[in-house]
Amino acid sequence: MMLLDRYLSRIEFDSYEDFKENYRVNFPENFNFGFDIVDEWAKQEPEKKALVWCNDHNEEHTFTFKDISLLSNRAANYFRSIGIQKGDVVMMILRRRWEYWICAVALHKLGAIIIPSTLQLTKKDIVYRGNAAQVKSIVCINDDFVIGQVEQAMPDIPTLQTKTVVGAPREGWHFFEQQIAGQSETFERPTGEAATRWNDIMLVYFTSGTEGMPKMIQHNFAHPLGHIVTAKYWQRVQENKLHMSVSDSGWAKFGWGKIYGQWICGAVIFAYDMDKFVPAKLLEKMAKYKLTTFCAPPTMYRFMLLENVARYDLSSIQHYATAGEPLNAEVNMKWQRLTGHNIYQGFGQTEGSVLLADFQWDDIKIGSSGKPSPLYDIRLLDADGKEVGTGEEGCICVMDVKNNPPTGLFTGYYHNPEMTKEKLLGDYYNTCDMAWRDSEGYYWFVGRNDDVIKCSGYRIGPFEVESALIEHDAVVECAITGVPDPVRGQVVKATIVLKKGYRPTDDLKKELQDHVKRSTAPYKYPRVIEFVDELPKTFSGKIKRAQIRHEDEEVMRVRDD
């Protein structure tokens, strides 16, 4: 834990209250993850494992911190040779390829700004991102779809000068492995104007919102230190032990679970570059590689539970975590019965590190989102900006962001000072997520402010109804939305994916409605039920409730016309 000693005033705490009151992050003005974490581990323990990588094609690589340090130096020299300097923007579409870690560390050392992106982006998406962020270079996986979309987009992005491919050569592209092979393994830390400071921009994420064009969320060079809480105190990674977070490199969850906090803590990252999510294959990898800690979105736990989990030896795994969307209590209870472990919930956004989580000092309350991270002063505020009382719903807000910006929170919207001023230069940052707090300080997620249903004077959060439906054996997953109603204003609608063996009948609809009435307040039951093969989701796997609402409204509008 030698590196943690450098950045934390204290590492061990006696209670949650002690943790919340006394956790402090300290760092130098010129903190840079590439030099101060990766290279420092390489100096202290050259043979310390950093990354174990495999894929669906029987390929496997293990990298030490020395390997990552030297390869990233070569990559930094390569990027510099093609004109990349401090402040230049590089887009990376690399899925879970091992080269992502090399490129990211190299670009951090150079002081460039990286934009992680999903391989599902189309030409239109790439053109928008390329011009909005003024992308100078792009690094891609050798995938026919990805390459095709990038090549179609390039003529429409004037700032884009170079393109690099990983995995295999491609005509007209720089081949990464070949390009770095001839580069020096030495890369001196830049000085003067070329050096990075903690508040320079390091990383930009395009949000995967369900409405409007994606916003550019910017993070500074201190951002990785905000993920110490994420990794050590929520995911509970252990030094020299394997940790797996399931995420594509195009999403903020990758930064949460597959690089920053984990390497600061000295954990070994396990990366499975799956072609597609197959629950049985993921369970096989979890068992084969003897992971110690594991984190995945709720959807993956739900689908793994459709397999015979008891067939797999998961005894090495000491801690499970989840984030991305709230975890239904029924899923947690089933997982606990099968593995002997609860799933510890975390809540946050692309805009920051973990905001709320189940930490180690208190018993978890299944279904809650835990308690606030010590990095953030979290309050629940009403529409007028006033704090609500115990048991009352309010928006989850981060206070005092203007005068005392928390380590880990985003620093603004890239190339959008007006929105930055609106969202971050007031008294607080509003996440627009609704929750209520109980008498013991646990927070209970209700839903996005836009997703809360107002029916006959009642406010109904989608999560509680979805949780009730998930308890039924017929339901794999579901989305709760409001549909307009001339009498009640809105009524609750359930869009449901059924398990194999169940048929979408009127009798099943009635059974599910009665089940909800028994499981929660009867007024919350879904008056409308639609069965579908799959739910619409963002690239990052979140359910697009807004799309369901808009499609329903359009159907009603056409019908009324």
Side-chain angles (χ1 to χ4, degrees), residues 210 279 297-308 325-335 367 445-448 450-538 541-561:
T210 55
T299 295
M300 289 192 172
Y301 283 105
R302 288 196 289 265
F303 278 95
M304 283 192 287
L305 284 170
L306 298 179
E307 303 292 324
N308 182 4
E325 286 199 317
L327 179 72
N328 310 98
E330 181 66 15
V331 174
N332 197 337
M333 290 187 286
K334 286 180 179 178
W335 196 263
F445 184 81
V446 174
R448 291 290 294 174
D450 293 343
D451 292 334
V452 174
I453 302 159
K454 303 171 184 69
C455 175
S456 299
Y458 294 107
R459 289 172 54 84
I460 302 170
F463 176 61
E464 55 191 336
V465 187
E466 289 168 3
S467 293
L469 281 166
I470 285 291
E471 294 173 2
H472 195 283
D473 288 339
V475 179
V476 174
E477 58 180 351
C478 60
I480 294 298
T481 54
V483 292
D485 182 85
V487 176
R488 295 177 175 85
Q490 287 181 308
V491 294
V492 176
K493 177 193 174 185
T495 306
I496 295 174
V497 178
L498 293 175
K499 291 181 184 175
K500 290 180 180 178
Y502 287 88
R503 294 176 55 248
T505 64
D506 289 339
D507 287 343
L508 182 56
K509 285 184 181 181
K510 179 67 164 54
E511 183 180 330
L512 291 170
Q513 289 170 329
D514 290 342
H515 172 77
V516 173
K517 290 178 184 178
R518 292 192 299 269
S519 299
T520 187
Y523 68 84
K524 298 175 184 177
Y525 85 94
R527 294 174 183 271
V528 179
I529 292 180
E530 179 184 5
F531 296 110
V532 297
D533 293 332
E534 60 181 358
L535 296 176
K537 293 177 182 174
T538 66
K542 295 181 182 179
I543 296 170
K544 297 169 77 170
R545 295 179 184 84
Q547 178 177 320
I548 297 172
R549 287 199 306 269
H550 293 163
E551 289 174 354
D552 290 339
E553 289 167 1
E554 182 63 18
V555 168
M556 295 186 71
R557 186 190 66 77
V558 172
R559 185 191 65 189
D560 292 342
D561 289 347

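With His472 as the partner, the side chain to side chain donor-acceptor pair (under 3.5 Å) test is satisfied by one option alone out of His515, Glu330, Glu511: Glu511.
To the nearest 0.5 Å, the span separating NZ on Lys537 from CD on Glu477 amounts to 3.5 Å.
Residues Leu512 and Phe531 have side chains in contact (heavy-atom distance under 4.5 Å, counting atoms from C-beta outward). Side-chain contact between Val483 and Arg527: absent, with no pair of heavy atoms (C-beta onward) separated by less than 4.5 Å. Put simply, the side chain of Ile480 reaches to within 4.5 Å of the side chain of Leu469, judged on heavy atoms. When side chains are defined from C-beta on, Pro526 counts as touching Val516, because their heavy atoms get closer than 4.5 Å. Using a 4.5 Å heavy-atom threshold, the side chains of Tyr301 and Lys334 count as separate. The shortest distance between side-chain heavy atoms of Ile548 and Lys544 does not fall below 4.5 Å.
The side-chain hydrogen bond (donor to acceptor under 3.5 Å, both in side chains) search around Lys493 returns Glu530, Asp552, not counting sequence neighbours.
Of all the heavy atoms in Glu466 and Ala479, the pair that sits closest is OE2-CA, 3.4 Å. When all heavy atoms of Cys478 and Leu535 are compared, the pair lying nearest together is C-CD1, 3.7 Å.
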Compile the donor-acceptor pairs under 3.5 Å between side chains in residues 495-509 and protein atoms, sequence neighbours left out, one pair per line.
{"residue": "Lys499", "atom": "NZ", "partner": "Asp473", "partner atom": "O", "Å": "3.1"}
{"residue": "Thr505", "atom": "OG1", "partner": "Leu508", "partner atom": "N", "Å": "3.1"}
{"residue": "Lys509", "atom": "NZ", "partner": "Ile529", "partner atom": "O", "Å": "3.4"}

